[in-house]
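Values below: all heavy atoms of this structure, side chains included; hydrogens, waters and symmetry mates excluded.
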Amino acid sequence: MKVETFINSWPLSTPNNNPLSFSPLSLPLQLYPIFSHWCNSLKEAVQEIYYTAKREGLGMAREQLVVLNALDLAKTQWYHFTAIVIAGMGFFTDAYDLFCISLVTKLLGRIYYTKPGAPKPGTLPPNVAAAVNGVALCGTLAGQLFFGWLGDKMGRKKVYGITLVLMVLCSLASGLSFGSSANGTIATLCFFRFWLGFGIGGDYPLSATIMSEYANKKTRGAFIAAVFAMQGFGILAGGIVALVVSAAFDHRFKTPSYHENPAASLAPQADYIWRIILMFGAVPAGLTFYWRMKMPETARYTALVAKNAKQAASDMSKVLNVEFEVEEEKIQRIAQEPANSFGLFSKEFAKRHGLHLLGTTSTWFLLDIAFYSQNLFQKDIFSAINWIPPAATMNAIDEVFRIAKAQTLIALCSTVPGYWFTVALIDHLGRFFIQMMGFFFMTVFMFAIAIPYHHWTLKPNRIGFVVMYSLTFFFANFGPNATTFVVPAEIFPARLRSTCHGISAAAGKAGAIIGAFGFLYAAQSTDPKKTDAGYPPGIGVRWSLIVLGIVNFVGMLFTLLVPEAKGKSLEELSGENGDENDGEKQAASARMASV
């Protein structure tokens, strides 16, 4: 057993943190606190001796740059929280921009596709609805692949600013979409939503990689998960902004329901509502641009990829307030190791990380099929159980308010808490356990909703439905929705880390596109008379939910390919500092730990 592993795994399993295996009851009660304190002090002393020796290179077979070792062992400091906020605000904006569209699609249908004299308000035609809901996801997929690759080629910081500028400009442009016809306006909206998604896509691999490379190994999982947890606040903010805007317009412009007066139910000013909601996404992104540009490049990219030892030492000296020696010779030795020379499409990568990449891509793909289909189409599910009244009984502005209220309630009660449970426990329970548990309970609750689906549609049982539905979101976020983001940023070599995270995230967005487009059609009623205008009959909400439950179960199986990264340095996980066979040993060890 390696010394570091032995020290960090020193038993602390008894109720009172007794570091040895003796029972506390076997010691005199008055001596036990002294004995416990002595053992903890002994552990700290041994740790200090060992890490001092490691920093000075005494008897260590593995090459480790002092600056990277310092980052791994650093206590939680102010710069950690700064990095979380800067990267996290990008994710706040990402989630807001991706999910706020679901709040206004019914309003877009009323404004641009209502036919005079129709018994029900207009809805977006199937092809238009698919484009509006899915085009940003297509852009996100492309952005994840492109900016992930670019982040490994140009550096994390240089590319980071480009994505933010793109997000700000396209958020504003989305709200300014105009056209001479309904289809022209929607086409303009889709154009800007695609490029908005392209910028959002770059934020995934870059934010995760930057946070993982800044974090210490003890709390790295919590820091990366905290960045991703800002997605929950972004979803919540979307609902709150829609509530405030729709309430203000409803107070100012009183209109009857569609059933009472179809023409008067849509105030002309309602066209401003969806534009304001979409454009608000530019605000949080714009506020963090200055601070994002001031962040130094990560030491791991500068040292291990750019091979600039002097710059890495200089940057981290400012961050940690500690002087580091320049280790040019050590960087050159590390660069010449076979473990640091193979490419993404090499046999060596396939041998060392092929199963890992399959695990991260497949689990993210399966997770997003379920997660995005649920998130983007909550309004349809709530309408199906009559939690939101029929469209004809509301005016256009009131419908936006009710949809926003339902989605805000789900976000507040389940989505946001789930993210922060992951932040609190990921470095204690481990990534593998949380992901497996999350997929398991998502499967259980999805089947619990779907199999007795008629029971939940009855009015006395609607609150129960909302509780069960909320639990699937809770365990998605206290589960694979967070861990699929964290793990790809930890287990791949620095020169391929952003690329591999981008590939994994793009696989997830491919699943999201399937969920968005597929659920749109699949959830339609089997009765042709009850389908939305322009849609063919589907398999119904019940069978759609059963399919999603099966998808979650398959996600459990592919989780067995995902390694455990808890408590290990990034170089230890990727084998970048070891000999030719070290990476293979680490991969095998990680897989055994997972299973």
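Shown here for I224 and S212, the closest heavy-atom pair between the two residues is CD1-CB, 3.5 Å. A pairwise comparison of heavy atoms in A222 and I426 identifies N-CG2, 3.4 Å as the closest pair. Looking at every heavy atom in both residues, S174 comes nearest to L189 through O-CD1, 3.6 Å. The two residues P563 and V487 make their nearest non-hydrogen contact at O-CG1, 4.3 Å. Between V135 and C190, the shortest heavy-atom contact is CG2-O, 3.5 Å. Taking both residues in full, the closest heavy atoms of Y301 and E213 are given as N-OE1, 4.1 Å, listed atom of the first, atom of the second, then distance.
For the pair R292 and Y160, the cation sits on the ring face: its NZ or CZ lies under 6.0 Å from the ring centre, inside 45° of the axis. Cation-pi check for R495 over F342 is met; the charged atom lies under 6.0 angstrom from the ring centroid and within 45 degrees of its normal.
One finds the CG atom of L570 at 9.0 Å from the CG atom of L68 (value rounded to the nearest 0.5 Å). A distance of 12.5 Å separates SG of C170 from CE of M279, quoted to the nearest 0.5 Å. Between M295 atom CE and T288 atom OG1 the span is 11.0 Å, to the nearest 0.5 Å. In this structure, M446 CE and T472 OG1 are separated by 5.0 Å, a value rounded to the nearest 0.5 Å. To the nearest 0.5 Å, the span separating CZ on R431 from CZ on R220 amounts to 6.0 Å. Note that CG of L65 is 9.5 Å distant from CZ of R300, once rounded to the nearest 0.5 Å.
Looking at Q144, its side chain does come within 3.5 Å of a backbone N or O of A506 through a donor-acceptor pair. E564 contributes a side-chain N or O that, together with a main-chain N or O of K566, makes up a donor-acceptor pair within less than 3.5 Å. Of the possible polar contacts, none joining the S574 side chain to the I491 backbone as a donor-acceptor pair under 3.5 Å is found. With hydrogens and angles ignored, the 3.5 Å screen pairs a side-chain donor or acceptor of S346 with a backbone N or O of F349. Put simply, the side chain of R156 gets close to the backbone of G151: a donor and an acceptor are under 3.5 Å apart. In this structure a side-chain-to-backbone donor-acceptor pair under 3.5 Å is present from N216 to A74. Under the 3.5 Å distance criterion, the side-chain polar atoms of T219 are left unmatched by any main-chain donor or acceptor of A215. Side-chain N or O atoms of N552 include one that pairs as donor or acceptor with a backbone N or O of L548 at under 3.5 Å. Within the 3.5 Å criterion, the main-chain N or O of G148 finds a donor-acceptor partner in the side chain of S498.
Salt-bridge annotation for K568 and D72: absent, with no side-chain N of the basic residue lying under 4.0 Å from a carboxylate O of the acidic one. Between E490 and R497 there is no salt bridge, since none of the side-chain N atoms of the basic residue sits less than 4.0 Å from a carboxylate O of the acidic one. Salt bridge status for D427 with K218: absent, with no side-chain N to carboxylate O gap under 4.0 Å.
A donor and an acceptor atom, one from each side chain of D152 and T499, are located under 3.5 Å apart. Judged by distance alone, the side chains of S177 and T188 never bring a donor and an acceptor atom under 3.5 Å apart. In summary, the side chains of N133 and S102 do not present any donor paired with an acceptor at a separation below 3.5 Å, with no hydrogens or angles considered. Side-chain contact check for Q231 and Y419: at least one donor-acceptor pair (N or O, by modelled atom type) lies under 3.5 Å. Looking at T140 and Y204, their side chains never bring a donor and an acceptor atom within 3.5 Å of each other. Donor-acceptor pairing under 3.5 Å is lacking for the side chains of E297 and T302.
The aromatic ring centroids of F92 and F233 lie 6.0 Å or more from each other. Residues F485 and F91 bring their aromatic ring centres within 6.0 Å. Not less than 6.0 angstrom separates the ring centroid of H80 from the ring centroid of Y214.
Heavy-atom contacts from other residues, nucleotides or ligands closer than 6.0 Å to NZ of K307 number more than 12. Within a 6.0 Å radius of CZ in F194, more than 12 heavy atoms belonging to other residues, nucleotides or ligands are found. Atom CZ of F421 has 12 or fewer neighbouring heavy atoms from other residues, nucleotides or ligands inside a 6.0 Å radius. Residue F553 places its CZ atom among 12 or fewer non-hydrogen atoms of other residues, nucleotides or ligands, all under 6.0 Å distant.
Not counting sequence neighbours, F365 has no partner by the ring pair (Phe, Tyr, Trp, His ring centres under 6.0 Å) test. Residues satisfying the ring pair (Phe, Tyr, Trp, His ring centres under 6.0 Å) test with F198, not counting sequence neighbours, are F146, F147, W195.
Contact annotation: the side chain of M442 approaches that of L367 to within less than 4.5 Å [non-hydrogen atoms, C-beta and beyond]. Side-chain atoms of V319 and M316, non-hydrogen and from C-beta on, do get closer than 4.5 Å to each other. T360 has its side chain out of reach of C500: every pair of non-hydrogen atoms, C-beta onward, lies at least 4.5 Å apart. K157 places none of its side-chain heavy atoms less than 4.5 Å from the side chain of T298. Side-chain atoms of L561 and H356, non-hydrogen and from C-beta on, never get closer than 4.5 Å to each other. Between S504 and T484, the closest side-chain pair of non-hydrogen atoms is not below 4.5 Å. Looking only at side-chain heavy atoms (C-beta outward), M436 and L560 come within less than 4.5 Å of each other. Side-chain contact between L196 and F192 is absent, with no heavy atoms from C-beta onward closer than 4.5 Å.
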Working for side chain to side chain contact (heavy atoms under 4.5 Å, CB included), residues L320 and Y79 = CA-CA 8 Å; L320 296 171; Y79 78 87; 3.3 Å; yes
Step-by-step side chain to side chain contact (heavy atoms under 4.5 Å, CB included) determination, V423 to F223 | CA-CA 7 Å; V423 173; F223 289 161; over 6 Å; no
Under the side chain to side chain contact (heavy atoms under 4.5 Å, CB included) criterion, do F473 and N481 qualify, and how do the steps go?
-> CA-CA 9 Å; F473 275 102; N481 194 38; over 6 Å; no
Using the side chain to side chain contact (heavy atoms under 4.5 Å, CB included) rule, take D368 and W364 through it: C-alpha gap first, then chi angles, then the decisive distance, then the call.
-> CA-CA 6 Å; D368 272 8; W364 207 335; 3.5 Å; yes
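For the pairing with P480, the side chain to side chain contact (heavy atoms under 4.5 Å, CB included) check across F371, F439, F475 returns one residue only, F439. For the side chain to side chain contact (heavy atoms under 4.5 Å, CB included) criterion with T483, the lone passing option out of I434, T559, T363 is I434.
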